[in-house]
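Chain letters run A, B, ... following the sequence lines, proteins first and then strands; every chain starts at 1.
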Amino acid sequence: MASRADAGGGSGVPPYRYTAALANEIERRWQDHWESQDTFAVANPSPDGPAPAGEKFYLLDMFPYPSGAGLHVGHPLGFIGTDVLGRFLRMTGRTVLHAMGFDAFGLPAEQYAVQTGTHPRTTTEANIARYRAQIRQLGLAHDEHRSVSTTDVEFYRWTQWIFLQIHASWYDTEAGRARPISELEDELTAGIRALPDGRDWATLSRPEQDRVLDDHRLAYLADAPVNWCPALGTVLSNEEVTADGRSERGNFPVFRRNLRQWMMRITAYADRLADDLDGVDWPDSVKTMQRNWIGRSQGAQVRFASDAGPIEVFTTRPDTLFGATYLVLAPEHPLVDALTPDAWPSPPTGDELDGRWTGGAATPAEAVAGYRRVVAQRSDLERQEARDKTGVFTGAWATNPVNGEPLPIFVADYVLMGYGTGAIMAVPGQDQRDWDFATVFGLPIRRTVQPPEGFDGEAYVGAGPAINSANDEISLDGLEVDAAKSAIVAWLAGRGDGEPVVQYKLRDWLFSRQRYWGEPFPIAYAADGESDGGPSIPRALPEADLPVLLPDVEDYAPKSFAPDDRDSSPESPLARATEWVRFTADLESDPERGFADYLRETNTMPQWAGSCWYYLRYLDPHNKERFVDADVERYWLGPQGPGDPGGVDLYVGGVEHAVLHLLYARFWHKVLFDLGYVSSSEPFRKLFNQGYVQAWAYTDARGVYVPAEEVVEDASASTGFTWNGEPVRQEYGKMGKSLRNVVTPDEMCEAYGADTFRLYEMSTGPMEASRPWSTRDVVGSHRFLQRVWRLVIDEQTGELRVADTEPDRDTLTALHRAIDGVRTDLPAMHYNTAVAKLIELANHLTKTYPNGGTPRSVIEPLVLLLAPLCPHLAEELWSRLGHPQTLAYAPFPEADPALLVEDTVEYPIQVNGKVRSRMTVPAAATEDEVRAAALADAKVVELLAGAEPRKVIVVPGRLVNIVR
RNA sequence: GCCCCUGUAGACCAAUCGGCAGAGUCGAUGGACUCAAAAUCCAUACAGUGUGGGUUCGAAUCCCACCGGGGGCACCA
């Protein structure tokens with residue numbers, strides 16, 4: 001079977017037609033040319049070098065993970081989009097930095113290594129080479145000298161270095177920024193700062209002092225509840241666990257358990273991460289997602305007295321305090337054991353104890369223990385699915401500070417230990433969850449906010465005046481929610497029973513993984529333990545020891561377990577590299593010891609580490625002294641004026657990174673900013689989310705996916721499509737192997753050429769929209785490029801067909817309209833409409849000059865207009881038109897405003913909103929002249945039949961509407 | 001359940017401030033070229049903007065309700 005490329009070059013086709021074969025030849029030639037001439041290399045400013053030519057623009061794509069499957073046509077959508085913009089900006093005089101790197105640590109290479117024994121580096125490098133080749137054939141104008149991969153030793157050296165800076169920092173809440181931990185130590189030593197627990201710094205032993213410092217570091221070890229995934233053999237960050245309590249990768253069960261792990265104190269930055277969103281130009285949807293993730297809420301902490309001491313409760317509705325009728329603690333709450341009495345008490349009210357409260361247990365301790373057992377055996381998923389309220393009475397009462405009322409204390413799993421204080425005051429009148437629980441356990445319900453007339457729901461959570469809310473000292477009655485909140489919080493604070501407080505959903509970032517293929521931590525522990533017998537203190541390795549190289553190991557797999565083996569414990573593959581793990585040194589970070597034996601940290605960093613700062617390394621990829629030179633960073637990323645946070649000028653990628661990558665990267669950047677290493681306070685000044693390329697997939701009668709490329713449209717089939725004559729059902733989804741609908745850029749480049757592929761991807765819709773891939777439609781873009789080629793080159797002879805004649809006025813107008821439109825559309829990334837305007841111009845020229853002889857003064861601007869979208873074809877035509885230099889830096893055409901205005905305007909004339917007639921008037925006509933002309937129109941006179949119109953609306957340049 | 005985005009010819013998509021529903025592409029139909037086909041070129045037809053209300057001289061555009069599609073969050077006190 002002949003391929004399209006063969007058909008294009010076969011007999012009967014003019015010898016100099018723009019076929020796929022010719023396109024491929026042109027494209028390879030120009031790609032080689034750009035590479036050999038270093039066309040897209042961009043220099044950093046230097047004191048002795050020449051000043052940069054134009055205003056800088058740092059253009060950035062979210063770098064890809066080089067998977068073994070290679071690219072499909074969906075992947076390069078964003079890359080092509082940024083390339084078009086970058087090329088346009090270069091032609092308008094900007095100095096553009098555009099580079100491409102690889103996020104190359106990651107699980108697939110490691111899993112492949114586990115299966116085959118191939119070193120992950122081998123697999124990764126092969127995949128990167130394939131990606132580079134696939135990207136190169138698309139003609140993307142990247143500065144190749146700036147390409148980095150997170151797995152490069154010279155890259156992860158600096159990832160480790162940044163980790164050391166974070167580890168060597170603490171967050172000074174008074175100053176509102178991170179500072180070197182050495183300054184904290186100095187202040188403690190000098191007595192300027194006291195220890196929060198009242199101990200005297202000078203009397204502490206060295207390990208005790210180190211532990212105090214470790215409690216402040218932005219990177220710290222903690223026994224924290226983590227998400228342990230036995231099947232993957234590793235812990236996961238909160239962000240990597242799905243809503244139904246499974247691993248995002250692989251969909252395995254995840255269990256909560258306590259483990260000693262590396263954490264990043266991202267919560268210290270919660271306010272700045274939320275507030276600084278105001279200063280960046282990001283889509284509102286992404287800002288909202290980040291704000292929701294940080295989850296800042298204003299509220300109050302209230303203390304309820306109990307026999308086991310005060311119980312701290314967080315609430316966002318302190319105004320409803322008079323409506324509290326019981327308290328609930330999370331089952332894991334530390335006070336539960338102290339509260340639980342030996343025997344069931346009689347209620348202070350003198351009533352019988354409600355049978356529903358005890359769960360049938362003989363003693364409170366038994367009831368609580370039994371309930372805890374039930375809860376612990378539930379997975380997170382089950383806990384979420386079970387909406388029925390369960391719980392048990394602890395046997396204890398607390399006192400409501402506003403009215404001295406005794407409130408029974410329950411334990412229930414609808415209260416989470418991880419949020420607030422792990423204890424709530426329950427206000428069934430104004431909270432549906434509390435209402436449900438109160439209903440199950442027969443607890444009193446009291447409204448303290450007046451619901452509106454006709455409200456027939458249960459709990460009322462809306463606005464309204466307070467009721468039933470007064471004691472001898474204070475009355476909230478009649479106050480609206482906000483006023484009531486401030487009043488009661490002030491009253492509580494005055495009595496020492498509470499204070500205003502801010503809560504966040506954001507948790508600290510779990511930063512260690514039990515994996516091989518990641519950055520090793522530059523950390524070690526004393527082999528013989530600590531002199532005070534406490535847990536090991538992590539010791540930073542000196543900068544001179546960087547990079548800490550990944551050792552070779554026999555087995556790359558972490559120890560994995562049965563998916564539901566909740567009691568298993570993680571074990572990193574690096575722990576088996578015993579020669580690497582143990583070493584002897586005299587560490588400055590361990591002043592207590594001289595030369596001593598140490599054991600390396602055997603966890604590795606999560607995949608996010610490299611992506612937190614790669615955009616900084618593009619700026620200065622070969623710097624041996626620093627991760628990025630300060631002046632270079634200031635030039636490319638520095639703030640442009642007051643109120644500007646600085647950062648990358650445009651960052652383009654999918655919305656799937658709205659919280660994870662973008663939040664982590666902002667956090668690292670802010671730490672580096674606080675420590676004075678970067679001048680920008682935000683990494684990405686402007687963010688743009690491109691859409692996805694989706695694809696149709698087809699299933700047969702059994703529901704099995706069939707190869708999408710072999711499916712034909714068939715109106716006679718019940719489903720409209722057939723495969724091998726069988727009807728198949730169409731569905732819409734992601735492009736991928738499992739749906740058997742993958743189309744690769746390689747196929748498209750072979751069948752049509754890269755310029756056609758680029759043009760097609762850019763013309764199917766606006767950059768932000770997802771759209772279906774349709775191979776059938778690609779030919780339209782190809783035909784357009786053939787028309788452009790034919791305007792310049794004779795298909796029979798290969799000679800130029802342009803003439804040095806003057807274009808007519810219509811053609812000139814068409815050209816300048818196109819210039820004007822394209823100049824507006826390209827910087828706005830409205831590539832689909834820019835393409836339409838180019839096609840319109842080409843169609844006009846084809847029609848106007850059917851026998852060749854298109855004026856050079858029109859053709860040359862057309863070629864330049866096309867250059868950002870189809871650079872190879874444009875370069876080729878530009879060169880054939882006699883220009884020896886690349887057009888990459890040629891000036892982009894400018895529209896002549898005089899040619900954009902028309903002499904006359906055609907006005908539709910509406911009568912009562914319906915178009916009844918048309919007229920042509922000079923463009924310079926005044927509103928009154930237009931009105932007069934419209935009223936004089938024969939059709940209008942006929943329709944009005946002598947009557948006076950009630951109203952005449954003239955929209956200049958648009959239309960006239962006459963209301964009868 | 002809550003929040004956000006979205007709905008325009010058979011398909012993908014256009015339409016400055018609310019102002020003539022159509023720029024462009026595919027497909028369809030007809031024609032040119034061809035012995036024929038492919039490729040290429042030329043021409044034509046096709047929707048009243050998811051549904052129902054409202055505001056307005058005028059609504060795809062603004063407002064309300066509902067329906068469909070996509071995404072995010074989810075016992076967060």
Mind checking [X] for me? I need base, sugar-phosphate or nothing, with any heavy atom below 4.0 Å counting as a touch.
X        : result
A:Thr315 : sugar-phosphate
A:Ser781 : nothing
A:Asn961 : base
A:Asp434 : nothing
A:Ser774 : nothing
A:Ile839 : sugar-phosphate
A:Glu795 : nothing
A:Lys847 : sugar-phosphate

Starting from [atom2] on [N], measure out to [atom1] on [X] and report it in whole angstrom.
X        : N     : atom1 : atom2 : result
A:Glu458 : B:G1  : CD    : P     : 16 Å
A:Gln690 : B:C5  : CD    : P     : 20 Å
A:Phe410 : B:C75 : CZ    : P     : 22 Å
A:Arg790 : B:C41 : CZ    : P     : 5 Å
A:Gln694 : B:C12 : CD    : P     : 12 Å
A:Leu845 : B:C42 : CG    : P     : 13 Å
A:Asp820 : B:A23 : CG    : P     : 17 Å
A:Lys505 : B:G72 : NZ    : C1'   : 11 Å

Which whole number of Å gives the distance between the [atom1] atom of [N] and that of [M]?
N     : M     : atom1 : answer
B:C46 : B:C13 : P     : 23 Å
B:G70 : B:A59 : P     : 32 Å
B:U61 : B:C41 : P     : 38 Å
B:A15 : B:A9  : C1'   : 15 Å
B:A65 : B:A47 : P     : 32 Å
B:A38 : B:U49 : C1'   : 39 Å
B:C75 : B:C12 : P     : 36 Å
B:U29 : B:A37 : P     : 14 Å

Minimum-distance nucleotide (side-chain atoms of [X] versus [options]):
X        : options             : result
A:Trp293 : B:C73, B:A23, B:U40 : B:C73
A:Arg776 : B:C26, B:C57, B:U40 : B:C26
A:Glu840 : B:G19, B:U40, B:A23 : B:A23
A:Leu416 : B:C4, B:A77, B:C12  : B:A77
A:Val963 : B:C20, B:G24, B:C57 : B:C57
A:Ile953 : B:C57, B:G24, B:U40 : B:C57
A:Arg771 : B:C12, B:G19, B:C26 : B:C12
A:Arg783 : B:C20, B:C75, B:C41 : B:C41

Expected rows: protein N/O vs nucleotides 14-17 of chain B N/O, under 3.5 Å:
unit_1 : atom_1 : unit_2   : atom_2 : d
B:A14  : OP1    : A:Asn832 : ND2    : 3.3
B:A14  : O5'    : A:Asn832 : ND2    : 3.4

Base orientation of B:C26, syn vs anti, 90° cut from 0: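 Glycosidic conformation of B:C26: anti.
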Assigned glycosidic conformation for B:G48 [threshold 90° from 0]: syn
With a 3.5 Å distance limit and no angle check, can you tell me whether [X] reaches the backbone of [Y] through a side-chain donor-acceptor pair?
X        : Y        : value
A:Tyr760 : A:Gly780 : no
A:Arg801 : A:Gly798 : no
A:Arg372 : A:Pro331 : yes

Which base sits across from [N] as a Watson-Crick or G-U pair, both distances under 3.5 Å?
N     : value
B:G1  : B:C73
B:C66 : B:G50
B:A21 : none
B:G30 : B:C42

Hey, could you give me the [atom1]/[atom2] distance between [X] and [Y], rounded to the nearest 0.5 Å?
X        : Y        : atom1 : atom2 : answer
A:Arg758 : A:Leu785 : CZ    : CG    : 11.0 Å
A:Leu935 : A:Leu944 : CG    : CG    : 7.0 Å
A:Leu506 : A:Ile266 : CG    : CD1   : 5.5 Å
A:Leu959 : A:Ile909 : CG    : CD1   : 10.0 Å
A:Met425 : A:Asp431 : CE    : CG    : 9.5 Å
A:Met762 : A:Leu869 : CE    : CG    : 8.0 Å

Taking only the side-chain nitrogens and oxygens of [X], find out if one of them lies under 4.0 Å from OP1 or OP2 of [N].
X        : N     : answer
A:Arg916 : B:G58 : no
A:Lys951 : B:C57 : yes
A:Arg787 : B:U40 : no

Ring-face cation contact, A:Phe441 with A:Lys389, 6.0 Å cut, 45° max: no
First encountered from the 5' end of RNA chain B, between A:Ser763 and A:Ala769: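 Whichever sits nearer the 5' end wins; that is A:Ala769.
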Closest-nucleotide ordering on RNA chain B, the 5'-leading residue of A:Val955 and A:Asp777: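 It is A:Val955, whose closest nucleotide lies nearer the 5' terminus.
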Carboxylate-amine/guanidinium contact A:Arg303 A:Glu499, below 4.0 Å: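 Looking at A:Glu499 together with A:Arg303, the answer is yes, because their closest N to O distance falls below 4.0 Å.
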